[in-house]
2 protein chains.
Amino acid sequence: MATPMPAAEIFTPLRQTAPLTQSLPEQIAARLSERIVSGTYTPGQRIMEQNVAEEFEVSRGPVREALRLLEKDGLVMILPRRGAQVTNPSIEEVNEIFDIRAMLNGLRDRLIAEGPHRAQLIPVLEQDIARLAETAANPGPGDEYIDIVLRLNRLLTQAAGNHRLQTILGSLAVQTVRYTRLGLSTPQRRQQSVRNWQSLLQAIRDGNGDAAERIARQRVIDSRDAAAEHLRAQRA
Amino acid sequence: MATPMPAAEIFTPLRQTAPLTQSLPEQIAARLSERIVSGTYTPGQRIMEQNVAEEFEVSRGPVREALRLLEKDGLVMILPRRGAQVTNPSIEEVNEIFDIRAMLNGLRDRLIAEGPHRAQLIPVLEQDIARLAETAANPGPGDEYIDIVLRLNRLLTQAAGNHRLQTILGSLAVQTVRYTRLGLSTPQRRQQSVRNWQSLLQAIRDGNGDAAERIARQRVIDSRDAAAEHLRAQRA
DNA sequence: GTCAAGAAGATTGTTGACAATAATACAAAC
DNA sequence: GTTTGTATTATTGTCAACAATCTTCTTGAC
């Protein structure tokens with residue numbers, strides 16, 4: 001892989017040539033975000049401005065703003081005079097977030113099923129869902145199944161055409177990746193998940209908004225229950 | 001020279017005695033928020049850090065953070081190198097936000113109708129909704145009707161017991177106050193609104209979650225359509 | 001008169017220093 | 001041995017100055 005290497009590009013000491021779409025705080029936030037989502041920073045862990053600033057060779061100002069951005073996404077909690085720490089939601093709070101996602105995914109999928117652009121979308125969905133079924137049957141190494149699910153969700157969220165909804169769902173998705181992963185860890189759950197996606201696809205084909213909403217909600221609720229079960233087992 | 005003790009005094013005269021629950025950026029954000037919601041700052045207006053800093057006699061740092069807080073609530077939009085401006089959503093965007101509110105209010109009212117605490121809540125609701133009906137029939141000066149509606153919504157949002165939902169709905173409510181006001185400006189709409197609230201109350205009495213959700217959604221959608229109608233007329 | 005290029009001004013972005021507060025370690029008293 | 005008060009340290013909060021960038025105004029050519 002030649003391109004990735006994000007670290008080098010983060011701080012471009014002299015950037016008078018490159019327009020650079022992302023601001024410095026955004027770049028820092030993106031890097032910290034990765035670490036939180038991937039678990040490098042554990043829930044509850046304190047993030048100290050000075051450390052981050054030294055590591056990225058910037059002053060504390062941009063780091064502070066980056067932390068505010070992460071707070072907006074619910075990845076850290078900032079307490080006055082106490083700094084930022086990685087959010088550590090209780091099982092109840094995770095359930096709450098899933099409930100909200102269920103409702104908003106319902107809206108999203110209804111909008112798609114009733115929207116004008118669904119014809120273009122269907123072939124793409126068919127392909128991804130087929131790969132999903134395949135991956136569920138023959139689990140490879142890595143997290144390919146999760147990756148496809150996340151991509152499908154991104155695709156649908158963009159396709160719904162409601163910009164604010166996209167923002168909120170994106171934020172909630174980031175907050176629950178960890179738990180979604182947990183909920184999709186067994187073959188049984190993956191098969192159930194595949195069936196849900198197939199039903200959704202059919203509802204979209206039919207242009208049936210009611211069905212699309214109902215299925216979407218059920219899909220997230222299933223995910224919620226599976227995650228909760230694992231969380232309970234894990235914390236006991 | 002003893003340190004000047006910056007203008008934290010603006011809002012809390014003596015800080016060494018009072019623990020001060022709100023940080024300086026939060027206080028600034030609260031003040032700016034008022035101005036945006038009340039219309040003192042008009043949609044699209046640019047907010048410049050220096051001006052705010054001078055007015056409140058603080059440096060630009062806290063102002064910057066305050067603006068980030070307002071961005072989190074969707075009250076301003078911050079563009080890199082362009083600063084902050086009061087959000088000026090299009091009719092389509094306002095509709096989008098109302099759609100999201102409809103779904104989440106549905107969840108909220110279902111949670112209440114199916115929740116264990118509804119018995120305590122019902123008398124309070126009865127009282128407020130009675131006052132609502134009264135105010136709709138005999139409109140006084142001021143915006144009492146709107147005030148009661150906002151209070152009812154706050155009450156229900158708190159009662160639902162889903163903390164994240166409370167945060168999101170609070171933010172969305174702030175963003176749409178202006179348009180809610182617009183949508184409730186005619187007697188016809190207020191009467192329709194009162195009927196919706198009464199139906200909701202009945203659903204909560206019955207512990208009927210499905211009905212509560214359905215009515216809540218319809219209530220917000222009615223509000224959305226009324227606001228959109230006025231917005232279209234106003235902008236034409 | 002219109003448009004383009006450049007200069008001047010205004011505004012945001014970043015930094016390092018200092019102040020205020022919270023967390024910790026330690027000592028003394030009971 | 002526990003607890004309380006105090007000193008030390010670590011960390012966040014705020015500020016003012018400087019740098020980078022965007023906007024606006026002026027100037028000149030066509």
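Each chain gets a letter, A, B and so on, in the order its sequence line appears, and its residues count up from 1. Everything numeric in this text was worked out from a predicted model, so none of it was measured.
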Figure out the [atom1]/[atom2] separation between [X] and [N], and round it to whole Å.
{"X": "A:Arg68", "N": "D:dT14", "atom1": "CZ", "atom2": "P", "answer": "10 Å"}
{"X": "B:Leu79", "N": "C:dT12", "atom1": "CG", "atom2": "C1'", "answer": "12 Å"}
{"X": "B:Glu54", "N": "C:dT11", "atom1": "CD", "atom2": "P", "answer": "10 Å"}
{"X": "B:Glu65", "N": "C:dT14", "atom1": "CD", "atom2": "P", "answer": "14 Å"}
{"X": "B:Leu24", "N": "D:dT12", "atom1": "CG", "atom2": "C1'", "answer": "13 Å"}
{"X": "A:Arg60", "N": "D:dT12", "atom1": "CZ", "atom2": "P", "answer": "7 Å"}
{"X": "B:Arg64", "N": "D:dG13", "atom1": "CZ", "atom2": "P", "answer": "16 Å"}
{"X": "A:Gln85", "N": "C:dA22", "atom1": "CD", "atom2": "P", "answer": "16 Å"}

If we only count heavy atoms from C-beta on, is the A:Phe56 to A:Val63 side-chain gap below 4.5 Å? no
Checking side-chain hydrogen bond (donor to acceptor under 3.5 Å, both in side chains) between A:Tyr41 and each of A:Arg35, A:Arg46, A:Glu34, A:Gln85, which is the one that passes? A:Arg35
Taking all non-hydrogen atoms of both residues into account, name the closest pair between A:Tyr145 and A:Ser193 and its distance.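 What the structure gives for the nearest pair is OH-OG, 2.7 Å.
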Point-to-point distance, once rounded to the nearest 0.5 Å, from CD1 of A:Ile28 to OG of A:Ser33: 13.0 Å
Is there a side chain to side chain contact (heavy atoms under 4.5 Å, CB included) between B:Gln50 and B:Arg60? Walk through the geometry before answering. CA-CA 6 Å; B:Gln50 189 64 42; B:Arg60 281 171 47 221; 3.4 Å; yes
Polar pairs (N or O, both sides) under 3.5 Å between protein and nucleotides 7-11 of chain D?
unit_1: D:dT11; atom_1: O3'; unit_2: A:Arg46; atom_2: NH2; d: 3.4

With sequence neighbours excluded, tell me which residues meet side-chain contact (heavy atoms from CB on, under 4.5 Å) with B:Thr157. B:Arg108, B:Gln166, B:Leu169
